[in-house]
Structure formats: C-alpha cells, structure tokens
K.L.:
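The structure that follows is given in the form of structure tokens.
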Amino acid sequence: MAIEHHDHLDKIDSEDARAQRLAMYIYILPNLMTTGNLFSGFFAVIQTIKGNYLYAAYAIVVAAVFDQLDGRLARLTRSTSKFGAEYDSLCDLVSFGMAPGVLLFLWALQPFGRLGWVACFLFVACGALRLARFNVQANVVEKNYFQGLPIPMAAGIVASSVLAFQDLELEPMGNYGLLIMTILLALVMVSNFRFRSFKDLDLKERLPFRYLILGVGLLVIVALRPEVMLFVLFMGYAALGAVFGVFKLGKNIRKIKPSVYAPAHTHESDLVLEEEEEETKKDEKKT
C-alpha cells in the first residue's frame, strides 16, 4: 500500500511538472502591438475585397506602424522573446505578404488573368521565404544591413503605389508597369542585395549639422505631395539597393559573420562572431 501511495504521489508530481512546462508566459504589450499589426493586415484584405483600395493601402501603412512599435517596445522594456519573434513573422506574412498580394491582384493585375495572380503569388511566396531566412539569420547577419529587401518595405511600396495612382488619377487596371514592379519586388526580397537598415544611426548622439538640414529637406519634399513622394522615396530605396547589388557597388565588407547561407569558399578566418565584435566595441568605448 505504501508503495502504491508513493507511486500515486510521484504521478501527481510528474503531472504538475508537465503542466508547468506546458504553461506559456508571454509579454502582453509588445504582442498586443503585433496583434494590431495582424488586425490591420486582415482589415486591408477585407477592404480590398470590398473594393475600397485606398482604405486597404492605409491599413497596410498602419500595420507597418504597429510592426515598428512592437519591436521598439520589446527592446525598450527588455521583453523580447522567441514567441514574440515567431508571432511577429506570422503576422508580417499576413499584413505585408497576403494583404499586398490580394490588393495588387484585385486593384491592378486582374486583367492579366493567370499571369496576374501568379505574379501576386510570387510576391507572397518570396515574402514568406524572406521572413524565414531572416529568422534563421537573425543572430548572425550584420545589424546595419538587411539581406534582401525587407517585406514591410515591399508592402509599403505597394501601398504607396495605390496612393500615388489615386493622386495622379492614373488607371491601374492592366498596367504593365505594376506587373513588372510586382515581379521585381518579389525577386529583390529573396536576393542577397544589401539594404541599409540605419540601425547604426543613433539619434541620441550629437551629429553634424548637415544631418538636420537633410532631415528638414526630406520632410519638405514629402510634404509637397505626400502620396507621390512616399512612393518615389520607397522605390528609390529599393532601386538603389538593387543597383548597388547588381553592380557590386558600395562598401565591401572583408569579414563576414557566420551564416547557414555563407558560400562554400568562405574561410573560417574570415568569420567574425557577433559576441566578439560587441566585446571589441565595448573595449573601444572604455579606452
């Protein structure tokens, strides 16, 4: 009887331990922002189906704002987690992959038939691949650069194109330029082209006066005609990154960080661990 009693207690303890392991504790505030991102993306799909393309474009822009807020809040409150990162990627696929893909097809590419929806599917699929690659490389790639065009930027280009066409009173249906843009955005997202992330730009530190003049000038340019200028700026960012990538322009990085996508001819002596680089920066600041 005593043995059976101990076995029963051991079983209860093991069940309690299993329940504790299965329990999920998450940070509420950043994940609420991520849910706002998902809601905005879903709202964009609904408005697209209803034919309210302008509302859908603005909803994608709002989703991008939520996407920025959740990451900033997580880092600010030190509440980053694996759950939050995975949840963010799933929501990004809806808001910046599916929503722009559906918007592009119903707003502009429907007259192309099969070619139109295949191009939109290519956009969504490459966006998913871009997110998966980013998750794999999150801790090993350069922080100052993105590998491939970020999917929120690609979605921003789609949303701003809707606003620009509306402002310029252009006809989007059957537009070959939008078809080519969709295919190119998809390919650039999964490319190895390096796009500046500007994460190394610390606005809390003192900077040369010209940076303030540049910021004011950029604000004035956008204010002249926001719908069109935002599209021009987003497209310029994507085009410059693609041109620099194709012609291998810009600053060459001799040392690269380890990556599952590193080329076979990479030597171990060329690899620099992120932790070592951070320690070096700390030592430099102390000296």
Side-chain angles (χ1 to χ4, degrees), residues 53-54 56-58 60-65 67-68 92 95-97 99-101 103-104 107-109 119-120 122-123 126-127 130-131 134 141-172 175-201 203 207-208 210-253:
Y53 305 126
L54 203 60
Y58 281 123
I60 293 174
V61 174
V62 173
V65 173
D67 183 54
Q68 289 293 317
D92 284 353
S95 299
F96 308 130
L103 176 59
L104 278 168
W107 172 63
L109 305 185
C120 295
L122 182 67
F123 181 93
C126 289
R130 170 69 176 78
L131 288 169
F134 176 80
V141 296
E142 295 175 90
K143 297 298 182 183
N144 300 338
Y145 290 89
F146 295 116
Q147 185 178 7
L149 183 70
I151 186 172
M153 179 59 70
I157 291 174
V158 174
S160 61
S161 68
V162 175
L163 302 179
F165 270 66
Q166 178 80 9
D167 187 69
L168 297 174
E169 298 182 353
L170 300 176
E171 177 56 46
N175 190 295
Y176 281 94
L178 292 173
L179 176 65
I180 296 172
M181 182 191 77
T182 303
I183 296 173
L184 289 178
L185 285 177
L187 297 178
V188 172
M189 276 194 287
V190 294
S191 69
N192 289 324
F193 301 156
R194 297 165 71 243
F195 291 84
R196 278 292 302 271
S197 66
F198 300 104
K199 291 182 180 180
D200 57 330
L201 185 61
L203 298 179
L207 296 172
R210 63 177 179 273
Y211 283 91
L212 180 59
I213 301 299
L214 181 63
V216 172
L218 191 63
L219 183 63
V220 170
I221 291 173
V222 172
L224 288 174
R225 204 162 186 179
E227 295 82 0
V228 178
M229 290 304 172
L230 284 176
F231 175 70
V232 172
L233 288 176
F234 291 161
M235 279 297 294
Y237 175 82
L240 280 177
V243 169
F244 276 50
V246 169
F247 294 101
K248 302 185 185 302
L249 302 175
K251 185 179 179 181
N252 293 322
I253 306 298

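Being a predicted model, the structure only gives us computed values, none of them experimental. In this chain, residues are counted from 1 in sequence order.
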K.L.:
Measure the spacing between CD1 of Ile183 and CG of Leu179 and express it to the nearest 0.5 Å.
P.N.:
4.5 Å

K.L.:
For the atom pair CZ (Phe96) and CE (Met153), what is the distance rounded to the nearest 0.5 Å?
P.N.:
11.0 Å

K.L.:
Any chance you could measure Met181, atom CE, to Asn175, atom CG, to the nearest 0.5 Å?
P.N.:
9.0 Å

K.L.:
How close do Tyr237 and Phe146 get, heavy atom to heavy atom, and via which atoms?
P.N.:
OH-CD1, 4.0 Å

K.L.:
Quick check: closest heavy atoms across Arg130 and Ile151, and the distance to 0.1 Å?
P.N.:
CG-N, 4.4 Å

K.L.:
Phe231 versus Leu163: any side-chain heavy-atom pair under 4.5 Å?
P.N.:
no

K.L.:
Could you tell me whether the side chain of Ser95 and the main chain of Asp92 form a donor-acceptor pair under 3.5 Å?
P.N.:
no

K.L.:
Considering all heavy atoms of both residues, which atom of Ala242 and which atom of Phe193 are nearest to each other, and what is their separation?
P.N.:
CA-CD1, 3.6 Å

K.L.:
Kindly give the heavy-atom pair with the smallest separation between Pro152 and Asp67, and that separation in Å.
P.N.:
CG-OD2, 3.8 Å

K.L.:
When the ring planes of Phe165 and Trp107 are compared, do they come out parallel, tilted or perpendicular, using 30° and 60° as the limits?
P.N.:
perpendicular

K.L.:
Nearest heavy-atom pair of Ala108 and Pro172: which atoms, and what distance?
P.N.:
CB-O, 3.4 Å

K.L.:
Rounded to the nearest 0.5 Å, what's the gap from CG on Leu170 to OG on Ser161? Could you check?
P.N.:
11.0 Å

K.L.:
If I take atom CG from residue Leu122 and atom OG1 from residue Thr182, how far apart are they, to the nearest 0.5 angstrom?
P.N.:
9.0 Å

K.L.:
Check residues 218-229 and write down every donor-acceptor pair under 3.5 Å in which the side-chain atom is one partner and the other belongs to a residue at least two apart or another chain.
P.N.:
| from | atom 1 | to | atom 2 | distance (Å) |
| --- | --- | --- | --- | --- |
| Arg225 | NE | Asp167 | OD2 | 2.6 |
| Arg225 | NH2 | Asp167 | OD2 | 3.2 |

K.L.:
Are any non-hydrogen side-chain atoms of Val188 and Phe195 less than 4.5 angstrom apart?
P.N.:
yes

K.L.:
Please report the shortest heavy-atom distance between Ala154 and Leu185, naming the atom on each side.
P.N.:
O-CD1, 4.0 Å

K.L.:
Quick one: CD1 on Ile157 to CG on Leu230, what's the gap to the nearest 0.5 Å?
P.N.:
11.5 Å

